Amino acid sequence: NRSMQPEKRTAYCECGYDKTMAGLSDEEKPFARFYLLEQVGVDVQSRNLISEPNMQAMVKASEAIGKAAARCK
């Protein structure tokens, strides 16, 4: 996605974020934020977005990101 024009990349990222978060519970959203911010190079470890591991929430967040990416092309 780095090869996209800046305007298109911004629209793609906004779409991906919005679509990812739309279907997640409050418990799952921090995991999605963690993954999305990590993908763009943010130091997520220092932000303490996740207080403790939750495998179900991690899987749901990952699936939501994958579905959003497919819908936002």
Side-chain angles (χ1 to χ4, degrees):
N1 298 331
R2 293 178 196 260
S3 64
M4 289 179 178
Q5 294 295 322
E7 299 81 24
K8 185 171 181 170
R9 183 177 37 234
T10 298
Y12 176 77
C13 289
E14 287 175 357
C15 175
Y17 183 87
D18 292 343
K19 296 240 185 267
T20 295
M21 294 301 168
L24 296 177
S25 70
D26 288 342
E27 186 176 349
E28 296 160 347
K29 287 179 182 180
F31 291 93
R33 282 188 196 98
F34 179 92
Y35 293 139
L36 291 170
L37 289 171
E38 185 176 54
Q39 288 178 1
V40 295
V42 173
D43 175 17
V44 292
Q45 295 294 334
S46 65
R47 293 181 182 246
N48 297 321
L49 296 172
I50 301 170
S51 57
E52 60 184 64
N54 177 329
M55 194 56 133
Q56 286 182 322
M58 293 165 74
V59 169
K60 288 280 192 175
S62 180
E63 289 173 349
I65 291 168
K67 289 177 184 176
R71 289 185 296 203
C72 293
K73 288 186 177 191

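From a predicted model like this one, the values you see are computed outputs, not experimental measurements. For the single chain, residues carry numbers from 1 onward in sequence order.
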Check this for me: [X], atom [atom1], are more than 12 non-hydrogen atoms of other residues, nucleotides or ligands nearer than 6.0 Å?
X     : atom1 : value
Glu27 : CD    : no
Arg71 : CZ    : yes
Lys19 : NZ    : no
Asp43 : CG    : yes

To the nearest 0.5 Å, what is the distance between [atom1] ([X]) and [atom2] ([Y])?
X     : Y     : atom1 : atom2 : result
Met21 : Leu36 : CE    : CG    : 5.5 Å
Lys60 : Asn54 : NZ    : CG    : 11.5 Å
Lys29 : Thr20 : NZ    : OG1   : 11.0 Å
Ile50 : Gln45 : CD1   : CD    : 8.0 Å
Lys73 : Tyr12 : NZ    : OH    : 7.0 Å
Phe34 : Met58 : CZ    : CE    : 8.0 Å

Minimum-distance pair of heavy atoms, taken over all atoms of [X] and [Y]:
X     : Y     : value
Arg33 : Tyr17 : NE-OH, 3.2 Å
Val42 : Arg47 : CG1-NE, 3.2 Å
Ala61 : Glu28 : CB-O, 4.0 Å
Cys72 : Gly16 : SG-N, 3.4 Å
Leu24 : Ala32 : CD1-CB, 3.6 Å

Study note, to complete from the structure: Contacts of Tyr35 meeting side chain to side chain donor-acceptor pair (under 3.5 Å) (sequence neighbours excluded), chain-then-number -> none

Check your understanding: Is the backbone N or O of Pro6 less than 3.5 Å from a side-chain atom of Thr10, with the two atoms forming a donor-acceptor pair by type?
Key -> yes

